[in-house]
2 protein chains.
Amino acid sequence: MTAETAAPCLEQCPIRNVLDRIGGQWSLLIIEALAGGTLRFNELRREIDDISRQMLSRNLKLLEQDGFVARKLYPEVPPRVEYTLTPLGHSFLVPMGELIHWADEHHHVILASRLDYQQRSESNA
Amino acid sequence: MTAETAAPCLEQCPIRNVLDRIGGQWSLLIIEALAGGTLRFNELRREIDDISRQMLSRNLKLLEQDGFVARKLYPEVPPRVEYTLTPLGHSFLVPMGELIHWADEHHHVILASRLDYQQRSESNA
DNA sequence: GTCAAAAGTCTATTTTTTAGACCACAAGAG
DNA sequence: CTCTTGTGGTCTAAAAAATAGACTTTTGAC
């Protein structure tokens with residue numbers, strides 16, 4: 001129980017640095033949508049459906065910065081922009097898949113826990 | 001390419017429902033901190049160090065609701081509260097571990113990508 | 001007597017997100 | 001010709017969320 005104990009995540013730790021980007025509501029959803037293949041901006045928007053243009057735009061930019069997705073602009077009129085997962089993005093699908101699998105497997109437990117908690121707090125009220 | 005294609009995550013889909021909770025900046029950090037064993041409120045705060053009391057409190061409450069952590073209040077004065085991972089919380093450590101491992105393995109690529117992007121946008125400016 | 005610590009809560013300020021208008025241009029309908 | 005739709009966004013104003021910091025209550029140390 002000396003200084004060695006835990007504290008693995010100070011501010012500029014790599015894990016935190018990476019996961020903070022992934023952590024938003026939208027990033028995982030976008031990556032998942034692109035897992036099926038290249039999509040254009042508005043295709044993504046329809047796919048995710050309740051994301052605002054601005055958030056989609058911002059998150060795509062972040063994902064592009066971090067090298068998860070590649071953005072290809074076709075200089076046509078009207079403009080066409082295609083977003084595709086990079087190899088890095090694809091490699092991320094593996095741990096993300098496990099996370100989703102876990103969520104899928106356990107969501108009933110979680111839902112039950114939520115209900116339980118709700119009922120307990122009601123009976124205390 | 002019919003309706004079957006993708007759209008796996010509408011609003012009330014379980015994955016989304018679960019991951020939205022996990023998705024915050026703090027949840028993963030809290031779970032990671034508790035992976036080492038039971039901690040009290042202020043111990044957690046020192047562990048994570050740049051989390052506000054309010055966010056820690058709120059996130060712990062959410063994690064408790066969802067059944068990831070158990071909260072044990074000792075009715076002493078001053079009050080003592082201990083937070084511990086439940087079995088569900090522990091089982092989550094597995095996919096989370098893979099995610100962290102991936103982040104650890106790839107953060108250099110991501111950092112490089114960020115720098116690259118930055119330089120490209122500077123040369124375009 | 002004074003100060004710190006416990007585990008939070010409350011409020012005010014700041015940041016982030018959302019909703020929605022707006023842009024230039026072109027193709028298709030009528 | 002005009003009207004509407006679709007393209008990939010950006011901009012602004014309003015709503016929601018996060019942060020910082022004071023406050024609470026009781027005990028033990030000094």
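In what follows, every chain begins at residue 1, and chains take the letters A, B, ... in the order their sequences are listed. The structure displayed is predicted, hence computed values, not measured ones.
- In this entry the distance linking CG of A:D50 with C1' of C:dT18 reads 11 Å, nearest Å.
- Nearest heavy-atom pair across B:R58 and B:M55 is NE-CE, 3.0 Å.
- Taking atom NZ of residue B:K61 and atom P of nucleotide D:dA17, one finds them 16 Å apart after rounding to whole Å.
- Distance CD1 (A:I51) to C1' (C:dT16): 14 Å, rounded to an integer number of Å.
- Closest-nucleotide positions on DNA chain C for A:Q25 and B:R80 were compared, and the one nearer the 5' end corresponds to B:R80.
- Out of C:dA21, C:dC25, C:dA7, the shortest distance to the side chain of A:V77 is found at C:dC25.
- Close to C:dT16, at under 4.0 Å from its OP1 or OP2, lies no side-chain N or O of A:W26.
- With rounding to the nearest 0.5 angstrom, the CZ atom of B:R120 is 9.5 Å from the CD atom of A:Q65.
- Under the 4.5 Å side-chain criterion, counting only non-hydrogen atoms from C-beta, B:L29 is not in contact with B:I51.
- Neither OP1 nor OP2 of C:dA7 sits under 4.0 Å from any side-chain N or O of B:S57.
- Ring pair B:W102/A:F92 is perpendicular by interplanar angle, where above 60° counts as perpendicular and below 30° as parallel.
- Residue A:M55 contributes atom CE, which lies 14 Å from atom C1' of D:dA15 at whole-angstrom precision.
- Across all non-hydrogen atoms, the minimal contact from B:L99 to A:M96 is CD1-N, 4.3 Å.
- Side-chain atoms of B:L39 and B:Y83, non-hydrogen and from C-beta on, never get closer than 4.5 Å to each other.
- As a whole-Å value, the separation of A:R45 CZ from C:dA19 C1' is 11 Å.
- Here the P atom of nucleotide C:dA6 and the CG atom of B:L56 are 13 Å apart, to the nearest Å.
- Remark: C1' of D:dG6 and CZ of A:F41 are 13 Å apart, rounded to the nearest angstrom.
- For C:dA5, the OP1/OP2 oxygens have no side-chain nitrogen or oxygen of B:R53 closer than 4.0 Å.
- Counting only Watson-Crick or G-U wobble pairs whose defining distances are both under 3.5 Å, the stems of 3 or more consecutive pairs in DNA chain D are C:1-30 with D:1-30.
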Exercise for the section: Quick one: do B:V18 and A:H106 satisfy side-chain contact (heavy atoms from CB on, under 4.5 Å)? Show the steps, please. Expected result: CA-CA 9 Å; B:V18 172; A:H106 295 275; over 6 Å; no
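- Nucleic acid contact class of B:Y74 (heavy atoms, under 4.0 Å, all strands): none.
- If you take CG of A:D20 and C1' of C:dT16, they are 15 Å apart, rounded to a whole angstrom.
- Nearest-nucleotide positions on DNA chain D place A:Q54 closer to the 5' end than the other of B:R58 and A:Q54.
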